[in-house]
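Note that the structure is predicted; figures quoted are calculated from it, not measured. Note: hydrogens, waters and symmetry copies are ignored here, and every other heavy atom, side chains too, is used. All chains are named by letter (A, B, ...) in the order of the sequence lines, taking the proteins before the strands, and each is independently numbered beginning at 1.
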Protein chains: 2
Amino acid sequence: MRSSRAVRASGTPAGDPAATPSIYEVARVAGLSVATVSRALNDKGPVRAETRQRVLDAVERLGYVPHSAARMLSTRKTMSIGVLLPDMHGAFFSEIVRGIDLAARAAGYHLLVSGSHSDAAETAALLQTLHGRVDGLILMAPALGGAWLQKALPRRVPVVLINDDGTDGRHDSLRIDNRRGARLAVEHLLALGHRAVAFLGGPEGNADAAERLAGYREALVAAGLPLSRHLELAGDFGEESGLQAGAKVAALVPRPTAIFAANDAMAIGCLAALREHNLRVPEDLSLVGFDDVPIARYLTPALTTVQVPIAELGRQAMACLLSSIDGRPENPEGAANHTVIAPTLAIRASAAAPAEAPKKHETSRTPTQRRTST
Amino acid sequence: MRSSRAVRASGTPAGDPAATPSIYEVARVAGLSVATVSRALNDKGPVRAETRQRVLDAVERLGYVPHSAARMLSTRKTMSIGVLLPDMHGAFFSEIVRGIDLAARAAGYHLLVSGSHSDAAETAALLQTLHGRVDGLILMAPALGGAWLQKALPRRVPVVLINDDGTDGRHDSLRIDNRRGARLAVEHLLALGHRAVAFLGGPEGNADAAERLAGYREALVAAGLPLSRHLELAGDFGEESGLQAGAKVAALVPRPTAIFAANDAMAIGCLAALREHNLRVPEDLSLVGFDDVPIARYLTPALTTVQVPIAELGRQAMACLLSSIDGRPENPEGAANHTVIAPTLAIRASAAAPAEAPKKHETSRTPTQRRTST
DNA sequence: GGCTCAGATGTAAGCGGTTACAGAGGAAGA
DNA sequence: TCTTCCTCTGTAACCGCTTACATCTGAGCC
C-alpha cells in the first residue's frame, strides 16, 4: 500500500505540469507528509506556523486545488444541497431559488438545482443519483402525492418540503397558507362590492391550486354567495392559459365583475386578454393575482395580489434544512417541523369597486340569496 | 487490505438496516464479488443473466443506492456541470437556467447553480471549490474582465462563456450581438420618425450594457443625429432603476419621444413610471426593451423589444459544453469555438410614430443637422 | 538525569466505488 | 485428449482525501 503511494507521488517525474496535482505532490514538494498538509490546509490539529507556510508555498507553486469528490468521500460531507422544483418557468421559481441561493452561499453550501419534476418515476431516479452528492434536499413537488414521497425520498438525508400537501408528516415542511391567501383575495373583492367573481385555477392535481380553489369557494360560501361551476376556469399557472381564460371571461354573459387568478403569471396573461377585448382594469373588471411576483407592482395597472414572501420562503427552507443537517443529527420520528406562512394582501390598483355598484349597499358579510349569476 | 474490507463487509453483523449499504454488502448478500456487482449494475463487461438478477435482487433487498462521491472519485467523472451567473433576479436568468437544465438533464447531467457573482475574489474562491465537483463550467460574468478569467478559470475543465466581452479567446464562448440588437431597436424608432431617443443603460462595467450603449450611439450617428449625454440615463438592469429613470425622462424638457431601455426589466419599470406621470405609451412616448423576457408580450402595451432566444442560449451553451467534454477531450490552443447569436426585433405595441411627427417628412437615413435636443 | 506531557509530524487505514489483470471453467478445434 | 480461446468471475490496486493512532522531539519538573 505504502509503496504504491510512494510510487505514485514521486512517479510523476517532474510533477507533470499538465496534470492536476494531488495532495501527495504538495507533500513531496513541501517535504512533509500528506497528513500534515491536510491539517495545515484545514486548520485541524496543531501545525507549526513555519510548516504551514511551507505547505502554502507548495500549494501556490503547484497550483494545487483539493479534489472535492475525494473530500466528500472521506468526510461524508458534500457541502451541497439538492433543490428539486416542479418547473423552472417564470419569476416565482427564480425568486425562490434566489432566496435559497443566498442562504446557501452564506453557509458555504452549493446548490444542485433541477426543474421540471412532474414525472414521478423520473424524479425518483434522479433522487437516487443524488445519493452521496448532497447533504440535504429541498423539494417542491405539488403534483406528487405524499405516498409517493414515502417511497421515493431517500432515508438518512434531511429533507424540507415546500408547499407539500401535508399528507407526509415525517419530514420538515414549509408552506404558505394557500387557502387563507385565496380567502383574503376573494374577501377583498367581495368587500369592494363584487358578487360575480370568476376563479382562474391551476393545473389538475396540483396541491397549491386545489387549496386556492378551496379558499375561493370558502370565501364565497361564507358570504352567502352561490358557487357556480362556470365561473371556475381551468388554467395551468402559465401566462398563456391566463390569456385564454381572460378571453373566455370577457365573452361571458353576464360578465363577472372580477377575476381571481390562482397565480400572478395567469393574472398577467389575463390582463393582456382583457386589454385585447377593450376591457379596462379595474373599471370594467377587477383582477387579483397570487404570489406577488417582483414585477406585479410594475404592471399596468399595478396588480393587487396575494403577497407571498417568495425569496424569504426559500431562505427559510434553507435555514430549516441547515439546522436539521448540523444541529439535529438524528431527528426522532414525529418531531418534524412544520411551518405555515400566512400570506397578506398587497392592495394595488387592479381591483376596485364594480361600476354598477349594488344599490342595496350590502356589506360583504351580509348573506344575500340573490343570484348574481346562474 | 483485503481483510479490512472483509471485516467491514461482514463486520456489520445483521446488515444494520439503518446504515446505507455499500457495494460490499450487496456483494456479500448476492454471494458475489464487488467487481461483478459493479459490472452488473453498469452493464460493463460480460455478466451472466442469472448473476445479474442475483445482484438486482440483493440491491432491491438492501435498498442499495450507489454513492456518487465514490463513483466520481473513481471514474473522475461527476456528471454535473457548474453554472455561474452574475445574478439571480428576474426572468432572464430563470429562462437561461431553464434552457441549460433542459439540455443538461437530457444528457444526464446535474446542474450546480450559483448566482450573484460580482465580487471577483469570492467568485475565484468558489471556482476553486468546484474542482472535482463538476465536469464543465458555464460562466456568465459580464462584470469580470478577461484578464481575471485567465487567472481564475480552472485549467483542465471545459468552460463556456456566455456574453463574455471577448477579450479572452481561449475558451468557447456564446454571445448575443448586443450592439446589433441595440441598433435594430434604435433604427426602428428612428424609422418611425423619432428624433429624440433616450437610452436607459445598465450597470457600470457591465459588458452587455456597454455594447448596447455603443449600438444605440452607432444608430444615432449613422442617422446623422447628435449624441447628447443627458439622454443617456443610468440604470442597473433592475425594474426599480427603470422606474426612476422613467420619472426622469418624463420630467425632461423638451421631452424625448422615445426611450430605448437596455433590458426588459428596466423597460417594465419605465412603463410603470410613465403611467404614474400620465404619459401614454406609445401615444406620448414610445418604449423599446431588450431581451424579450417571456412576459414582455403580455404587458400593456405589449412590449416591442429586441428578441433574444434566452432559453435557446442556455441550451446551446450546454450543447457546446457537452461536445467539448466528451467529444473533443484536448482542445488545442486557439481552436476555441465562438458563436455569435444575432438578435431580431419583436415589434409589438409599445413603439409607434411620435404624435408630433416631423413635418419635413425626412427618412431616418437623412442626415439632419437640426438639434432636436441640446 | 529521568520522568511526564504536550505539541508536531508521520503512517496507514479507511471512505465506496471502478477496473486491470488473473484465473477458472467449458466449448470448439486439432 | 489436449490446446486454445472465450465467457464469466474474483482479487486487489487504485482515485485523493481525512484522521486515528503511533512516534518523535523537547520543555518542564522532580
Rounded to the nearest Å, what distance is computed from the [atom1] atom of residue [X] to the [atom2] atom of nucleotide [N]?
{"X": "B/H131", "N": "D/dG16", "atom1": "NE2", "atom2": "P", "value": "8 Å"}
{"X": "B/R156", "N": "D/dG16", "atom1": "CZ", "atom2": "P", "value": "13 Å"}
{"X": "A/M79", "N": "D/dT18", "atom1": "CE", "atom2": "C1'", "value": "16 Å"}
{"X": "B/Y64", "N": "C/dG16", "atom1": "OH", "atom2": "C1'", "value": "7 Å"}
{"X": "B/Q53", "N": "D/dC8", "atom1": "CD", "atom2": "P", "value": "16 Å"}
{"X": "B/K77", "N": "C/dT19", "atom1": "NZ", "atom2": "C1'", "value": "17 Å"}
{"X": "B/Y24", "N": "D/dA12", "atom1": "OH", "atom2": "P", "value": "11 Å"}
{"X": "A/L41", "N": "D/dT19", "atom1": "CG", "atom2": "P", "value": "13 Å"}

For D/dG10, does the base pair up with any side-chain atom of B/R39 as donor and acceptor (N or O, under 3.5 Å, distance only)? yes
Any donor-acceptor pair under 3.5 Å joining the side chain of B/S74 to the base of C/dG17?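 Flag set: donor-acceptor pair detected.
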Of A/A69 and B/G31, the one whose nearest nucleotide on DNA chain D sits closer to the 5' end is B/G31
Stretch residues 42-52 of chain A: residues that reach within less than 4.0 Å of DNA chain D through a heavy atom: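 Contacting residues: A/N42, A/K44.
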With sequence neighbours excluded, residues passing ring pair (Phe, Tyr, Trp, His ring centres under 6.0 Å) with A/H131: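 B/H67.
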Roughly how far, to the nearest 0.5 Å, is [atom2] of [Y] from [atom1] of [X]?
{"X": "A/Y109", "Y": "B/S114", "atom1": "OH", "atom2": "OG", "answer": "15.5 Å"}
{"X": "A/N163", "Y": "A/R175", "atom1": "CG", "atom2": "CZ", "answer": "7.0 Å"}
{"X": "A/L84", "Y": "A/T123", "atom1": "CG", "atom2": "OG1", "answer": "7.0 Å"}
{"X": "B/Q128", "Y": "B/R133", "atom1": "CD", "atom2": "CZ", "answer": "12.5 Å"}

With nearest nucleotides of DNA chain C determined for B/L73 and B/A35 from heavy-atom distances, which residue corresponds to the more 5′ nucleotide?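 The residue whose closest nucleotide sits nearer the 5' end is B/L73.
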Choose from D/dT18, C/dT9, C/dG17 the nucleotide whose nearest atom is closest to any side-chain atom of A/I23.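 Within the option list, the nearest is D/dT18.
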By nearest atom, which of the nucleotides D/dG16, C/dT18, C/dG16 is closest to the B/T75 side chain? C/dT18
